[in-house]
Amino acid sequence: MSLLNSLKYIEIINNTTRKIEKNEIKLNNLNVFPVADGDTGTNVLLTLLDGKKVINNTPSHSLKEITSNYARRLLLGSRGNSGVMLAQFFRGFDEGVKNSTDVLSVQDLLQCFKCGYKYTYSSVNNPQEGTILTVMRTVCEQDYSNLNLVTMDIVIKKMYTAACKSLIDGINILAILKETGVVDSGGYAFLLFIEELYISLSTEPIDEKISCIKYWQDKIAPFTPEYSSKFKRWKDDLSGHKYKDSADVHKVETLEYNFCTEFFMESNTDVDTVKKQLQKYGDYITVAQVDRNYKIHIHTNEPGKIFNNFEALGTVSQVKIDNMYFQHYNFFNPDKRNGTRQEQEKVTGILSLVSGEGLANVMYSLGADRVMVLSDTGPPALEELITGICGINANNVVILPNDENIFPIVEKASRLSYKNNLIVKSKFIPEGIEAILSFNPELGPQENAGAMSKALNNVISCQVVGPGRIKTAADDSKLYKFEGISSTGTILSSGCSADGALIELINNLINNKISIVAVYYGKKVKEDELTRIRAQLIGKYSNVEIEFIDGRQLVPCYIVSLE
Amino acid sequence: MQKVKIITGSQASLTEKLGRQFDITVIPYYLNYSDKSLKEGIDFKTEEFYKSLADIDNLPTSSPPSIGDIINVINNLVKNYKEFIIFTLSANYSQMYNTCVQASKQIKDASLHIVDSGGATAYQAMMAIIAARMAKKKESVNNILKMAAEFKDRGDEFCVLNTLKYLAKGGRIGRVKALMGSLLSIKPVIVHRDGITAPLAKARTNQQALIIIIETMKNRLQDYPGHEISVILQGVFMDEWLENVEKALNEQFKIKDLWYSRLSAITSIHFGPKSWSLTYYIE
């Protein structure tokens, strides 16, 4: 009779990971619930790959030690809803192992499964039937006592049959699954695990008749023509009616909550309080816990508020936020994907914050991986920044704030996010441009951040602001004043028109060391104003190249760099 | 009488004066127009050609000397020399290396060594100058070939282009391509090393480019404490600027020799006006 020992356990885990890797795309395609963001396969795979690192590196042959290390690592590395649930399952499984001998009998195995299910169930705030949870529960709730001969072969077969059936039944339980005709993606991933259990522990090969994978291949849908047309119709419906092809749309009607948020917290607060606190902010809450360490998953519109609140309870770190609208949008518009897995992973990515679309184009043209155009109304939201950081396919992210006023919030986002972030403190766009020019992809992140910070001083930054009213004795309200100011706020020129202030500013600053002047003009600058400026400046300085760039920022009217 | 004669192609950018000074024979490249083919340094003067760079859409193409040209040069010299070393442009860019190898098969009464310099313009010129200096001191061919093989550990050529347009048009852009598409004017700093052209940095001004180059040289020189360097400076319409470069180098390094040259016509087609280069060799 086959028993589950540490070697078998390692074999099962490794094979499951491999199987998930093979099925990553399929699992992504199946992902319609809770949000069709097409990342379940990827999330589960990344979770398991993280766990795999420790399972093959635990020197001990003790099952207890191995399951314990694995559970802990899985929890720390878990991603996404299904990833967190799987991690919880293995954590419960580990609890079960702790209460048994180092080689699991059939009864022990069932007990461990029950613990796993219990843990998973308790970590989810609003358990949904028809999903991975139902598959776990159904497997555990089978009646194994009446079997005359409780052998591993019989039990495994029964577990597997129950899992297959439960997964398929889920289609009729959850409306969205029925509508789309697919099984739950997370449940499918769990079934793949049970299948590996079957292959490793049973002396019999899998019965083709009950093999979900084989038998249901045509029913687990995206693979059949019938399904494809149905799926396509559904996609068209969604993209046609509810989803607009515009990056300006931040909220989608069908998505109640926009941000899939995950983070760690080290805290003495008990798990119920944590859950209760979370309920205020969103749904699909999963709270996993090992001692003082929490791993939290939630769909919410206010991640920033959560962090502010939770920082009072403990230390928040390793934040990952995905904007589900964009994921969702990308899922349905694969040709327009700007997602993360498609792009080749880089060692170091660059995130730049700018105040105009034209400035964003300049930054992209110089190699920025992501540029966020900030609104004119105030600093960016914490969650926007973290989402921006998380969206870059690199573990190290250099951030160019290009605005001194947003340093604090950028620092906070950088500290909270799970990536290794390096802030190069560019106070103005021209400084950011100098920094990005000195980025060298062949160097490491630290070296680059150092070189980029050093480059900030290569350039003189100034801007033309206004209008503000001139104080005159006559108080002539028609007179408005524009000022050219230096990076430190010194007034260098002034005039009744923006172009006048600009020309005076440049005339004042040009000397024989200057060889290039760039003028980034804002949205409000009119064509005839530019023509006047060009006429006055070009040709005046024979050794100076003067560039005009459409920055499209709302304010200031002109950003100027001299170097 | 010295036994070894150093030869190189005109695209190595040696001035006539430097050629004479070091007794290096320069084989001209051709510029091809729709109705004629002209030899650099014979049918036209390089500095005069620079003016025609302004019309980027009507630039001539170039071609290396023919096998016959090379055989002729050798035949004229063979009375006085028994051994020849020809330094060619990197085989990645030009047929010259292959042409020389073919030519050498047809020459019976002299021994020809063909060396792919792995670089272009002044990199190749510097290698030829160092070789010619050794030849004058009657060093063996083997020693000279050894120097050439190890040259890449002691020398670099940095080129600063005013624009990438010319390089892109000539199709020799390679890895530098990543710098295209910028919305700002950028001076790419490229380095010729091991037979390829690779981007070293992006600069907005020549001054910034110079600082990056000097930093790179300093790093390189850390392995050669106390050594002198020799330098070749060249440019297209950049005489005034190159004087600044000379000043800056004198402040930072111990200079053994510094030579001014000018970019060959063939190379200027790819680099464009207002480009310049700095080549150094650690003595």
Side-chain angles (χ1 to χ4, degrees), chain A residues 346 354 356-368 371 429-443 447-448 450-452 454-461 511-521 542-552 559 561-563, chain B residues 156 158 160-165 168 174-191 193-194 196-216 218-220 235 237-245 247-248 272-276:
Chain A
K346 293 182 175 178
V354 301
E357 297 85 11
L359 299 173
N361 291 340
V362 172
M363 282 292 182
Y364 277 126
S365 84
L366 296 175
V371 184
I429 284 289
E431 293 188 353
I433 286 169
E434 290 304 321
I436 201 167
L437 281 171
S438 46
F439 179 80
N440 179 348
E442 281 161 28
L443 298 181
E447 265 177 298
N448 263 318
M452 291 169 87
K454 223 171 127 189
L456 297 178
N457 301 324
N458 282 352
V459 68
I460 302 170
S461 288
N511 57 41
N512 58 6
K513 287 195 177 136
I514 301 295
S515 61
I516 191 158
V517 175
V519 177
Y520 304 87
Y521 53 91
S542 58
N543 289 323
V544 181
E545 189 184 334
I546 301 181
E547 294 178 295
F548 290 87
I549 300 116
D550 183 8
R552 262 173 274 159
I559 301 170
S561 77
L562 297 95
E563 53 197 305
Chain B
D156 276 320
F158 303 101
V160 181
L161 310 189
N162 193 43
T163 162
L164 275 171
K165 273 190 275 178
R175 282 173 57 203
V176 185
K177 200 171 181 176
L179 301 177
M180 289 291 285
S182 156
L183 297 175
L184 293 179
S185 117
I186 284 179
K187 296 186 196 308
V189 184
I190 58 181
V191 59
R193 202 181 272 172
D194 293 343
I196 53 164
T197 305
L200 178 72
K202 294 158 273 184
R204 287 277 276 162
T205 65
N206 283 321
Q207 187 60 35
Q208 287 169 10
L210 178 60
I211 291 169
I212 293 164
I213 291 169
I214 289 179
E215 280 300 308
T216 314
K218 277 185 178 167
N219 282 340
R220 198 83 190 265
F237 303 131
M238 292 299 278
D239 298 349
E240 207 179 309
W241 164 251
L242 291 178
E243 281 169 27
N244 287 336
V245 176
K247 238 180 265 167
K274 299 240 171 187
S275 54
W276 57 282

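Scope of the values below: all heavy atoms of this structure, side chains included, with no hydrogens, waters or symmetry mates.
- Closest heavy-atom contact between B:R204 and A:A518: NH2-CB, 3.3 Å.
- Proximity to chain A (any heavy atom under 4.5 Å) is restricted, for B:Q208, to the side chain, taken from C-beta onward.
- In this structure, no portion of A:Y364 lies under 4.5 Å from any heavy atom of chain B.
- Between A:L443 and A:N448 the shortest heavy-atom distance is O-ND2, 3.4 Å.
- With a threshold of 4.5 angstrom between heavy atoms, A:F548 does not approach chain B through any atom at all.
- When all heavy atoms are compared, the tightest approach of A:I429 to A:M363 is O-CE, 4.3 Å.
- B:M238 approaches B:W276 most closely through the heavy-atom pair CE-CD1, 3.6 Å.
- Only the side chain of A:E547 comes within contact range of chain B, with heavy atoms under 4.5 Å apart.
- A:I433 touches chain B through its side chain: at least one heavy atom from C-beta onward sits under 4.5 Å away, while N, CA, C and O do not.
- Contact of A:L437 with chain B is made through backbone and side chain together, with heavy-atom distances under 4.5 Å.
- Not a single donor-acceptor pair under 3.5 Å links the side chain of A:R552 to the backbone N or O of A:L359.
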